[in-house]
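Notes follow the structure.
Both ligands and their constituent atoms are indexed starting at 1 by order of listing.
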Amino acid sequence: MSGDLSRGLNRAEMHIAAFRGRIREEPVWPESDGNFRAALQDRFDFERPMDVADLVSEVVGYIERGIVHVTHPRYFGLFNPPVHPAAVVGDLLAAAYNPQLAAWSHAPNVLELETLTLHRLARVLGLNPDAIMATFTSGGAEANLTAVLAALADAAPDWPSGGVGVVAGRPILYLSEHSHDSFVKIARMTGLGTESLRRVPLRPDLIMDPDAFDQLVLEDEDRGCFPFMVVATAGATATGHVDPLYELADIAADRRLWYHVDAAWGAAAAFSPRLRPLLDGIERANSVTWDAHKWLSVPMSAGMFFCNRPAAVQAAFDVTTAYMPQAVGEETPDPYRVTAQWSRRTIGLKVFMALAANGVSGYTKYIEHQAAMGDVLRDRLGDAGWEVVNRTQLPVVCFTHRMIRSGGVSTGRLLEHIGSRRRVWLSETVLDPGSGPVLRACITSHETRPDDIDVLIDELQDALANA
Ligand SMILES: *Cc1c(COP(=O)(O)O)cnc(C)c1O
């Protein structure tokens with residue numbers, strides 16, 4: 001058994017190092033094996049034991065030729081950066097020792113490492129660690145779900161027992177057209193229903209219009225609804241835009257609404273002195289979502305939830321169960337009583353490892369490098385005749401071309417052509433429902449260099465000429 005572990009790990013280490021060494025020569029987007037499902041069925045009947053090291057080599061082959069390589073420096077995609085080596089090792093330790101974090105007493109030292117990490121990251125955002133509770137989550141979606149449940153418990157003390165039916169009037173959650181669609185699923189999971197989501201119109205610069213928001217709250221109150229929460233987005237997934245955090249905080253305070261800031265990837269901008277002002281006002285939130293598996297270069301899955309009303313979170317989740325170990329009065333509450341999960345793997349150990357190994361200064365370098373590469377991308381697109389259509393300092397660039405605008409070629413056709421060449425990965429999005437799709441390229445890797453951006457421009461020009 002322990003021999004298996006060493007042989008498996010050694011073999012895995014060999015393959016991973018070799019792949020990292022040649023990654024720039026690898027396609028970002030390999031051509032997947034034709035009828036892989038059938039081939040797998042022939043290959044594995046699971047009847048007899050197999051050699052672990054051989055299995056590793058075989059599976060690595062399947063992975064390397066069968067995934068979009070999000071760790072590739074020419075993956076201009078969706079905030080999945082290359083992973084920090086210390087975080088990979090942290091995840092391995094989590095798997096090997098398998099600490100159970102449901103109850104504090106089962107893994108106190110690991111929980112303390114997690115708490116230390118969360119408190120340090122809270123300080124990066126300007127939140128006061130002594131005044132908040134914070135937990136790791138499976139991702140941004142779970143953190144957003146946690147926020148909605150806490151907001152409901154805070155606004156309607158009868159809700160944890162009576163459910164949404166006892167709330168006086170339909171509960172209303174305000175968000176924008178550019179808010180993350182996890183809230184659609186959350187509306188269903190919580191029993192609110194999607195009609196409880198009120199989309200606030202955007203200003204012409206594509207951020208939430210605070211006046212329109214205030215007006216909608218008044219109208220909803222007049223109609224007998226029950227406004228309880230507003231979600232600001234700091235770093236919209238499609239555009240990088242940041243909602244007006246101060247103005248929304250003021251209105252939320254006036255109207256007594258829970259103020260949540262979804263900063264799933266944007267929060268990492270706080271590591272950069274140059275970008276930090278974009279997040280001013282986030283410290284006024286009742287709760288914040290921040291994903292470590294986005295811009296912090298930690299393997300999936302790793303989200304974080306920060307909240308300045310711990311009692312509301314506890315009211316949403318609290319249970320006591322006879323068979324669980326009794327708490328012994330530490331300051332850290334048992335995670336199973338304040339979060340959605342029960343059995344809990346340590347999500348924070350890999351985040352701790354990455355933060356300690358990279359240091360705050362290492363993250364500052366990562367983020368500033370990527371922001372600088374975003375500027376390079378904007379410049380080169382402009383030089384090559386493309387038109388950037390979003391305004392942000394963050395390295396997500398939405399762009400179009402007069403040939404797209406005139407209907408000469410579609411973004412879908414361009415992406416298909418670029419995809420067939422497999423040298424870069426990028427996507428498309430729609431900025432406002434009234435106009436057509438645009439292309440979207442995001443710098444997510446601290447390893448992306450100007451020559452990688454040149455390859456992207458070459459691919460775009462080639463697609464324009466030949467698609
Ligand atoms: C990615 C993202 C989410 C969802 O987070 P997951 O980690 O994918 O669950 C929520 N909000 C925003 C703004 C995001 O970018």
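- The shell of residues lying under 4.0 angstrom from ligand 1, judged by heavy atoms, includes His293.
- In Glu142, neither the side chain nor the backbone holds a heavy atom less than 4.0 Å from any atom of ligand 1.
- Between Arg170 and Asp220 there is no salt bridge, since no side-chain nitrogen of the basic residue lies less than 4.0 Å from a carboxylate oxygen of the acidic one.
- Near Trp265, meaning under 4.0 Å from any of its heavy atoms, are these atoms of ligand 1: 15 (O).
- The pair Glu428-Arg440 fails the salt-bridge criterion, with no side-chain N (NZ, NE, NH1 or NH2) lying under 4.0 Å from an Asp/Glu carboxylate O.
- In terms of polar-atom proximity, Ala141 is counted as a contact of ligand 1, with an N or O under 3.5 Å from an N or O of the ligand.
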Can you give each donor-acceptor pair under 3.5 Å made by side-chain atoms of residues 295-303, sequence neighbours left out, with the distance rounded to 0.1 Å?
{"residue": "Trp295", "atom": "NE1", "partner": "Gln370", "partner atom": "OE1", "Å": "3.0"}
{"residue": "Ser297", "atom": "OG", "partner": "Pro82", "partner atom": "O", "Å": "3.3"}
{"residue": "Ser301", "atom": "OG", "partner": "Ser138", "partner atom": "O", "Å": "3.2"}

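- Here the protein heavy atom with the shortest distance to atom 11 (N) of ligand 1 is Asp262 OD2, 2.7 Å.
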Criterion side-chain contact (heavy atoms from CB on, under 4.5 Å) on Glu142 and Gln341, from CA distance to verdict: CA-CA 9 Å; Glu142 186 194 329; Gln341 298 179 26; 2.9 Å; yes
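- Remark: His106 NE2 is loosely packed, at most 12 non-hydrogen atoms of other residues, nucleotides or ligands lying under 6.0 Å away.
- Evaluation of the side-chain hydrogen bond (donor to acceptor under 3.5 Å, both in side chains) rule for Glu177 yields no partner, not counting sequence neighbours.
- The distance from ligand 1 to the heavy atoms of Lys294 drops below 4.0 Å at these ligand atoms: 1 (C), 2 (C), 3 (C), 4 (C), 5 (O), 14 (C), 15 (O).
- Heavy-atom proximity to Asn144, at under 4.0 Å, picks out these atoms of ligand 1: 10 (C).
- If you number the atoms of ligand 1 from 1 as listed, the ones under 4.0 Å from a heavy atom of Asp291 come out as 5 (O), 6 (P), 7 (O).
- Distances between N or O atoms of Gly140 and those of ligand 1 include at least one value under 3.5 Å.
- At the shortest separation from atom 10 (C) of ligand 1 among protein heavy atoms lies His180 CG, 3.2 Å.
- Ranking the protein heavy atoms by distance from atom 12 (C) of ligand 1 puts Ala264 CB, 3.3 Å first.
- If you look at Tyr336 and Phe317, their ring centroids are not closer than 6.0 Å.
- Side chain of Arg405 to backbone of Gly436: no donor-acceptor contact under 3.5 angstrom is found.
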